[in-house]
Each structure stands twice: as structure tokens, then as C-alpha cells.
Amino acid sequence: MRTVAIVGASLAGLSAARALRSQGYDGRLVILGEEAHRPYDRPPLSKEFLAGEMPESALALETDDEALDAHWMLGARAVGLDRSDRAIRLSDGGTVRADGVVVATGAAARTLPAGGGLAGVHVLRTLDDARALREDLARGGTLVVVGGGFIGAEVASTARTLGLEVTVVSATSAPLAGPLGPGMSGLVSTLHADHGVRLLCGTGVRGLSGGDRVEAVLLDDGRRLAADTVVVGVGARPCVEWLDGSGVALEDGVRCDAGGGTSVPGVVAVGDCAAWYDPAVGAHRRVEHWTGALERAAAAVTTLLSGGASAPEPVRAPYFWSDQYGVRLQFAGYSAEADRVTIEEGAADDRSFLAVSWRADRPVAVLGVNRARPFMRWRRRLAAEAVQRTGSF
């Protein structure tokens, strides 16, 4: 391959570039990014950066001595891909042609269907989002978080440390019920109540009200919540519209095999936009977490450089962590496959425990709350189980 183009300049794209060079690719490397910023770390946006405890310079993902020998095209938005010659069409009318393409365009925050034009209403996905939200949180007052996922939970935690009154509205039975499952999410949901956050679970949001600026959140059950600032954290959609008509198969993201290969030869995908086939569960899944973007890039590059002839190492089950109210949460596996949950170490009331989700006699997920060392042991066990019983779900 004479030219490889990476579409997306966040962690997944940067990791793919590093993997290309480390795996011996010495050709022309082009990295396109829709944002004007160099690659930056996103997890601190809802925590240390939002709280004003971390400067922007500390978010940089590149090292001072990094030598990728890449041509960076920042502020360049891809709008199409011609599969015949792998030509990437840009919004400014330009074109980038490549022998190989890495799709790493990530995901965009979902918004509410009404009221999004009001000042004081935020999503949190990018550095610019975090800048704007940090400015509004400095005003103090009342914050309503719509959504009980990781972004919402972390923003709620940060806002409480800044002295705001916080309410979390979640359509699920408890915050984090989606990723953790009902059993594990119930164990950690009391963190919010313990720190003075009001939880309203099992209800949706009908809309927002206000003049130029948001004043209230209107719930499906008729309640009206006064709000000086609103953060909408209701998930993300994969940024793959630009691939419509390209021949790249799309299904809740870019549909990939177990190594990141797509339906078009010479095109692989990685990161939040990529739905990889997972042999452990026999299905395609998007993994929207930092570790997935980091670890899967090397596998996708192996697939690209070998033309799919070399099978990459099996990727591990999804893993993520979250810091809330001074507590470190770590999770790995697939909670949806579980039929029971046990606490193996510690006690939930002490905010220090390790819980395991089981399917029959097999562990399928593990949650550690301030239990880093035993968590890593169980994570390794999950990986070993997946290798032994691939496709047994």
C-alpha cells in the first residue's frame, strides 16, 4: 500500500496510525479529522477538565517526541467514499485517494427532539462541548441531567463537587442500568443519593421550556423541574452517514468482522463507529469506550495490511472505568448475558466490593468498586473463559 488514509483524528484514529507504523507500514499516511483540534483525551472532559482541575494542554494524546510522519488534515469533514478507487470526498470539494482506509469517525451525542435551541442546554462529547458546559456550570444554580449513562453520572458527580444542586432523570430503573444491568446498577446507584443528588428514575422527558435560555425540564409524567443548566446524556449515534452508498455495510455503525474488516476490501473500521463481530456472543456490537478504541486499532491494522489473510489476536470483552464521587468503578464483560449476580469481595454498603455476573456456572461480567487488583484478576479470567468457550452463548 502506498497510501493509507485514516478518517477520524481522535483516540481510535491516532491508535491506528501508531499501529500502522509499529507494524512496519512505511508509506504515505494521511489523517483526516473533522475537529480543528489535535487528538485529545475524552474521559477527563466530564471529570477533571470539567471541574477546572486539568488544563487543556494535559488532554493531549500525542507525545512530544512522537514521529508518525503523517500528513494531518484537521477541520476536514468526510462526506463520501467511492469504493472503486477508495476516494474520500470532503465537504470542501476536495478528495483524498488511498490504497487503504481506516474508518474512525466515532459517534455524536444524541439530542432531545425538542428544546435543543435554548441556551444552557448541553451535550458532552467534544472539547468544545466541555468548554461551553464548564462555563455554564461556573454560574452555579440547578443542573438537571437527562440520562443515566456514564456521561450523565460523571457530570452529576462533578457538578456536585462544584456546589450545584443536581437532579438526574433516567428512563431506566437506575443510573447505569444499560451497561451494568439491573443487578449491578442497583448496587452503585445509591452513590448519587448519598451525595445529595436527586434521582428520578423510570420516567422520560417530554421537552424543555424557557425563553432564550432553558428554565425547566418537562417530564412525561407531568412534572416540571426548574433548571438553570441542562445536560443531555442519552447516548450516541455512530457517525457513518458519509458512507451511505459506498458499499460499506452499515448496521448500527460500520458492520465489521472480528478483526475490523468491512464489506469493502481495503477498508477497516475501529472505535465508536464500528460494530465488530464478537464470537463470544455471536453478534455485532459497538464498544463505545476508551479501551476498545485503543486495543482494537492494532487488530484492524493487522487486517488491513494483510488483506484479511492474517487473523489478529482475539479482542477482549468490553472494559471501562468511571470515577464518581471519589469512587473508582471498573466493569468488564456482558451483563445482558447474566442470570444472577454475586458479591465476591467486600460489601456494597462500604462502597468497596467486587461483584460478578454469572450465566449458569460461568462468569460473564465483573464490576469492581474501589477494588482494582481483584478486578484485574477477574478480568483476566473473563478473557480466558471467552477463549475456551467462544461462541457458546
Side-chain angles (χ1 to χ4, degrees), residues 110 145 147-154 156-157 168-194 197 199-204 233-236 252 272 275-276 278 280-292 315-325 327-372 374-383 385-386 389 392-393:
R110 297 186 186 278
V145 177
F150 282 100
I151 291 296
E154 290 175 354
S157 172
V168 174
V169 180
S170 175
T172 59
S173 60
L176 305 181
L180 300 186
M184 289 186 175
S185 63
L187 295 175
V188 301
S189 64
T190 54
L191 276 173
H192 295 285
D194 289 350
V197 172
L199 291 178
L200 298 178
C201 296
T203 185
V234 292
D252 186 32
D272 292 359
W276 282 37
D278 189 336
V281 295
H284 290 81
R285 297 189 181 218
R286 285 195 304 117
V287 176
E288 298 182 53
H289 298 292
W290 192 93
T291 308
V315 296
R316 293 191 287 181
Y319 161 69
F320 54 81
W321 75 93
S322 179
D323 295 308
Q324 300 173 31
Y325 309 104
V327 173
R328 168 58 63 97
L329 310 176
Q330 294 171 284
F331 179 84
Y334 299 102
S335 61
E337 308 298 335
D339 52 35
R340 63 189 175 95
V341 177
T342 62
I343 294 181
E344 299 293 319
E345 294 189 23
D349 291 344
D350 297 334
R351 304 294 180 263
S352 177
F353 64 91
L354 187 134
V356 177
S357 292
W358 302 82
R359 182 180 178 90
D361 62 347
R362 178 158 48 98
V364 294
V366 58
L367 168 68
V369 178
N370 283 341
R371 292 270 171 163
F375 172 84
M376 296 312 293
R377 289 199 302 269
W378 276 92
R379 187 187 177 202
R380 289 191 293 270
R381 180 173 171 180
L382 286 181
E385 290 273 350
R389 305 195 186 195
S392 62
F393 280 111

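Below, each value reflects all heavy atoms present in this structure, side chains not excepted, and no hydrogens, waters or symmetry copies. Keep in mind the model is a prediction, meaning the values are calculated, not measured.
- With Arg328 contributing its side chain and Val369 its backbone, the two residues share no donor-acceptor pair below 3.5 Å.
- Salt-bridge formation is not detected for the pair Arg285/Asp252: no Lys NZ or Arg NE/NH1/NH2 atom is positioned less than 4.0 Å from an Asp or Glu carboxylate oxygen.
- Arg359 contributes no side-chain N or O that, together with a main-chain N or O of Ala338, makes up a donor-acceptor pair within less than 3.5 Å.
- Taking the side chain as every heavy atom from C-beta outward, Leu354 and Ile343 never approach each other to under 4.5 Å.
- With hydrogens and angles ignored, the 3.5 Å screen pairs no side-chain donor or acceptor of Asn370 with any backbone N or O of Leu329.
- Looking at Glu154 and Ser322, their side chains come closer than 4.5 Å, going by heavy atoms from C-beta outward.
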Report task. Would you please test Val356 and Val341 for side chain to side chain contact (heavy atoms under 4.5 Å, CB included) and show each step? Result -> CA-CA 6 Å; Val356 177; Val341 177; over 6 Å; no

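- To the nearest 0.5 angstrom, Thr342 atom OG1 is 5.5 Å from Trp358 atom CH2.
- Ser335 contributes a side-chain N or O that, together with a main-chain N or O of Pro179, makes up a donor-acceptor pair within less than 3.5 Å.
- Remark: Arg371 fails to qualify as a cation-pi partner of Phe353 under the 6.0 Å distance and 45° angle criteria applied to the six-membered ring.
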Query raised in the report: Given Thr203 and Val169, is the side chain to side chain contact (heavy atoms under 4.5 Å, CB included) satisfied, shown in steps?
Result: CA-CA 7 Å; Thr203 185; Val169 180; 4.0 Å; yes

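- Between Ala372 and Gln330, the shortest heavy-atom contact is CA-OE1, 3.3 Å.
- Ion pairing between Arg377 and Glu344 fails under the 4.0 Å rule for side-chain N and carboxylate O.
- Between Phe150 and Phe320, the two ring planes are perpendicular [angle over 60°; tilted spans 30° to 60°].
- Listed here is the closest heavy atom pair of Val287 and Pro318: CG2-CG, 3.9 Å.
- Considering every non-hydrogen atom in both Val145 and Gly152, the closest pair reads CG1-CA, 3.4 Å.
- Of all heavy-atom pairs between Gly147 and Val234, the closest is CA-CG1, 4.4 Å.
- Ser170 places a side-chain N or O within 3.5 Å of a backbone atom of Thr172 that can act as its donor or acceptor partner.
- For the pair Arg379 (side chain) and Tyr319 (backbone), a donor-acceptor distance under 3.5 Å is absent.
- With contacts defined as side-chain heavy-atom distances shorter than 4.5 Å, the pair Phe331/Leu180 qualifies.
- Side-chain atoms of Ser157 do not come within 3.5 Å of backbone N or O of Ala153 as any donor-acceptor pair.
- Looking only at side-chain heavy atoms (C-beta outward), Ser189 and Pro175 come within less than 4.5 Å of each other.
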Requested in this report: Test Tyr325 against Arg351 for side chain to side chain contact (heavy atoms under 4.5 Å, CB included), laying out the working first.
Outcome: CA-CA 11 Å; Tyr325 309 104; Arg351 304 294 180 263; over 6 Å; no

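- Across Glu345 and Pro374, no two heavy atoms sit closer than the pair OE2-CB, 3.5 Å.
- Summarising the geometry of Pro182 relative to Ser185, their closest heavy-atom pair is O-OG, 3.2 Å, with the distance given to 0.1 Å.
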